[in-house]
Amino acid sequence: MSAAAVATAPVQGFCPHDCPDTCAWRVSVEGGRAVRMAGDPDHPTTQGALCTKVSRYPERTYHPERVLTPLRRTGPKGAGRFEPIGWDEALGLVATKLRAIAARDAQAILPYSYAGTMGLVQGEGMASRFFNRLGASRLERTICSTAGGEALTATYGGKLGMHVQDFTASRLVVIWGSHSIASNLHFWTFAQQAKRAGAKLWAIDPRRTETADKCHRHLALRPGSDGALALALMHELVVHGGVDEDYVARHLQQGPDGWPALRERALQWPPERAAAVCGVPADAIRELARDLATTRPAGIRLNYGVQRNAGGGAAVRLIALLPCLTGAWRERGGGMLLSSSGWFAGAIDVDALQRPDLLAGRSPRSVNMVSIGDALLAEGSAAFGPRIEALVVYDSNPVAVAPDGRRVAAGFAREDLFTVVLEHFLTDTADHADIVLPATTQLEHWDTQGAYGHTYAMLNRPAIAPLGQARSNARIFRDLAARMGFDDPGFGDSDEAMVRQAWRPGRIDLDELFARGWTPLRVPPQPFADGGFATPDGRARVSAPGYPVPDFVANHECAERDPALAARFPLAMISPPARNFLNSTFVNVASLRAAEREPLVEIHPDDAAARGIADGAMVRIFNDRGVYRCRAELSTRARPGVVVALGVWWRKFGRDGVNVNELTSPRLTDIGRGPTFYDCLVEVEADRPGEAGSAIAGAAAGSAVAEGGARNPAAAAWRAV
């Protein structure tokens with residue numbers, strides 16, 4: 001065996017992506033090159049398995065289009081034309097520009113990041129120190145889960161729930177708003193164990209997903225109607241004696257704004273009323289209510305698809321109260337899981353990592369990331385503050401993933417906006433940058449984090465040296481701080497040192513974390529079996545200051561609120577991630593994109609027939625925000641009246657240079673100021689070749705891709721890889 005082929009012991013790490021599984025992995029390295037990924041068989045929730053996406057991580061790391069040197073823009077914004085420059089020049093250009101803007105008003109500088117990595121060090125560690133010291137505007141990181149997270153905190157006192165492995169003990173598993181096979185594979189493994197042991201599985205989802213296919217029952221409710229369904233289930237529990245009166249009396253809020261008020265509200269929602277709102281049979285609602293009342297133990301796996309509409313927060317609050325009414329928390333395998341991240345709240349030392357003391361008493365304005373298009377196009381004013389002059393993007397691809405994509409792209413195209421992007425690839429966002437800085441992948445740096453789907457602290461060791469000139473996010477911000485003259489304590493901390501700073505002493509076994517790569521939190525084995533919610537009085541809350549007794553909240557875009565809009569755009573659209581993508585990550589991995597083939601919209605055959613749309617035809621999906629052209633797939637996975645546009649493709653891989661977020665709304669949820677991606681009315685029509693389309697579509701046209709696709713055998717094969 002040659003020296004170059006010498007293998008070392010597998011290196012322990014974890015998946016950093018925005019997924020509840022947060023898998024522990026082992027990386028096999030030969031001659032300094034990562035050659036294989038495997039799930040850690042000893043980790044209690046990973047159990048040796050990785051999803052298809054993450055198993056291709058070496059393919060992504062060694063991708064031939066990986067950015068491995070700093071780049072400076074040489075063409076128009078959005079064209080993706082750059083020239084390589086050295087790190088010294090790149091850091092100097094960025095520091096000079098930011099220093100000049102900060103001298104006028106540092107709030108004209110905005111960081112933009114989300115969960116491209118969930119890591120505590122490479123995510124918001126050194127970056128937060130840098131922007132706090134600078135006094136830049138603060139970003140409200142709301143684009144995924146804030147409505148549900150705030151709802152759960154209002155109800156339970158924190159983002160707390162069942163242990164995911166306890167679903168193996170459930171005899172009823174309700175999978176609500178989750179395509180678990182695609183987005184929560186390890187929970188699905190536990191649910192399958194329960195199913196083999198005799199458990200009944202329900203899926204509640206507007207789309208008949210592959211997960212729904214494998215459940216005993218599926219409720220294909222209308223998008224945004226989950227709160228009405230929850231109230232009708234409560235109605236049945238009350239009317240038919242399904243309420244655990246002892247648990248409710250001892251562990252649920254009483255008084256005029258507590259259980260009595262919720263009980264009266266539930267009585268206003270018989271199954272027939274909810275059936276009309278949800279578009280499902282009243283008898284199916286009765287069946288599910290009966291199962292919740294009579295099956296022990298019963299566990300609900302709720303996911304964030306439920307809360308991406310106007311009433312998402314209220315819906316999560318109502319669903320979170322269901323296991324309290326039935327007393328499901330009493331037994332292992334009973335209760336609910338939306339997020340487990342609240343268990344980490346006392347263990348992670350956020351202040352030590354992010355150093356809010358560096359603000360030195362300043363209170364910069366906040367900008368909601370959901371509204372980034374409006375924010376970038378806004379002029380300075382007394383109400384808004386200074387116009388945004390500089391944007392530093394890391395761990396996100398907002399030009400692809402933010403709603404109201406036409407305005408987002410227009411904002412990023414401003415020639416007077418100085419944009420810096422830390423990235424692995426020339427994404428849609430990086431194409432608009434003035435400076436692109438090459439970042440390391442998870443195989444090349446230190447990191448640590450908790451999870452929101454299990455309760456193990458995780459460690460990532462670098463398996464290989466950084467490729468090319470790539471640097472970790474933390475090092476980039478550390479180097480940039482030095483160029484800005486920031487010499488405060490903390491800017492010299494290494495990535496490994498920050499891993500140790502992330503955990504409060506005594507809250508986890510730090511030695512075990514470094515020795516094994518993961519270690520459990522100290523969490524009650526049966527949360528809330530005898531109450532003990534994280535609220536001031538230990539009871540689950542029906543209401544709280546700022547949170548009245550929850551009720552069904554209709555979508556922003558629906559016939560009830562805006563009949564004229566619904567008449568023009570009669571189809572509801574949801575845009576869940578394609579199975580082989582994770583938001584916009586992995587879209588440029590050739591093998592995964594080939595598996596998805598091309599952007600498409602699923603439409604029910606009845607809706608297609610009414611519009612003269614054939615299977616495999618090109619269609620235009622449109623509303624007042626824009627036009628999106630893709631291929632139609634006639635499928636009963638889409639319920640009548642709802643179309644499913646699977647995403648999130650990069651805009652550059654879509655026809656006309658746009659993706660589905662050309663259509664989605666920047667309006668916010670009822671609580672949490674979150675996004676309403678699934679609160680979107682559209683119309684669909686057959687595409688007419690040769691027509692220019694609307695003015696909106698023409699203005700948005702960019703790097704169009706030739707028509708074709710493997711889903712239509714008569715067309716040319718899809719080759720945008």
Side-chain angles (χ1 to χ4, degrees), residues 18 107 110-115 123-124 128 131 136-159 177 223-224 226-227 302-320 338-339 341-342 345 350 354 356 363-378 381 383-385 388 391 393 395-396 398 401-405 407-408 411 452 541 543-548 550-557 561 575 583 625 661 664-680:
D18 189 4
Q107 294 181 103
L110 177 68
Y112 193 104
S113 67
Y114 196 63
E124 302 309 324
S128 289
F131 291 112
S137 288
R138 313 191 79 167
L139 185 73
E140 295 178 48
R141 292 179 171 86
T142 59
I143 203 163
C144 180
S145 61
T146 48
E150 189 170 318
L152 203 59
T153 300
T155 308
Y156 293 167
K159 290 186 280 187
D226 306 82
L302 183 63
N303 217 333
Y304 288 110
V306 168
Q307 44 103 78
R308 294 194 176 122
N309 48 69
V316 171
R317 291 174 64 203
L318 289 163
I319 296 164
L338 172 63
S339 174
S341 63
V350 175
Q354 300 184 7
S363 298
R365 61 140 176 226
S366 292
V367 175
N368 192 322
M369 68 188 309
V370 175
S371 309
I372 186 62
D374 290 340
L376 292 178
L377 295 175
S381 67
F384 178 68
I388 296 171
L391 190 65
V393 181
D395 301 336
S396 189
V401 303
D404 201 4
R407 288 182 63 78
V408 175
Y452 65 92
R541 292 185 294 200
S543 65
Y547 303 96
D551 198 356
F552 169 65
V553 178
N555 281 356
H556 291 302
E557 299 188 3
R561 288 202 184 188
S575 48
N583 299 321
R625 287 179 289 273
N661 280 322
T664 54
S665 168
R667 297 184 74 169
L668 304 179
T669 51
D670 51 344
I671 61 175
R673 293 173 54 77
T676 57
F677 287 111
Y678 301 167
D679 187 337
C680 179

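A quick note: this is a predicted structure, and the numbers were derived from the prediction, not measured. Values below: every heavy atom of this structure, side chains too, minus hydrogens, waters and symmetry copies.
When all heavy atoms of L139 and Y112 are compared, the closest pair comes out as CD2-CA, 3.6 Å. Taking all atoms of both residues into account, the shortest heavy-atom contact from D670 to G312 is OD1-N, 3.6 Å. Scanning all heavy atoms of the two residues, the minimum distance from T676 to H556 falls at CG2-CD2, 4.0 Å. Taking all atoms of both residues into account, the shortest heavy-atom contact from Y678 to S575 is CE2-N, 3.5 Å. Nearest heavy atoms, A310 versus D679: N-OD2, 3.1 Å. Heavy-atom minimum distance, A402 versus I143: CA-CD1, 4.0 Å.
Residues I372 and L110 form a side-chain contact, since some pair of their non-hydrogen atoms from C-beta on lies under 4.5 Å apart. For the pair D18/Y114, a side-chain contact is recorded, criterion being any heavy-atom separation below 4.5 Å from C-beta on. You'll find the side chain of L338 stays beyond 4.5 Å of the side chain of Y452, heavy atoms only. The shortest distance between side-chain heavy atoms of D374 and R407 falls below 4.5 Å.
For the pair R138 and F131, the cation-pi criterion (under 6.0 Å, within 45° of the ring axis) is not fulfilled.
The side-chain contact (heavy atoms from CB on, under 4.5 Å) search around A554 returns F552, C558, E560, R561, not counting sequence neighbours.
Of the options R317, E150, R541, a side chain to side chain donor-acceptor pair (under 3.5 Å) to Y547 is made by E150 and by none of the others.
Between R141 and E124 a salt bridge is recorded (basic side-chain N to carboxylate O distance below 4.0 Å).
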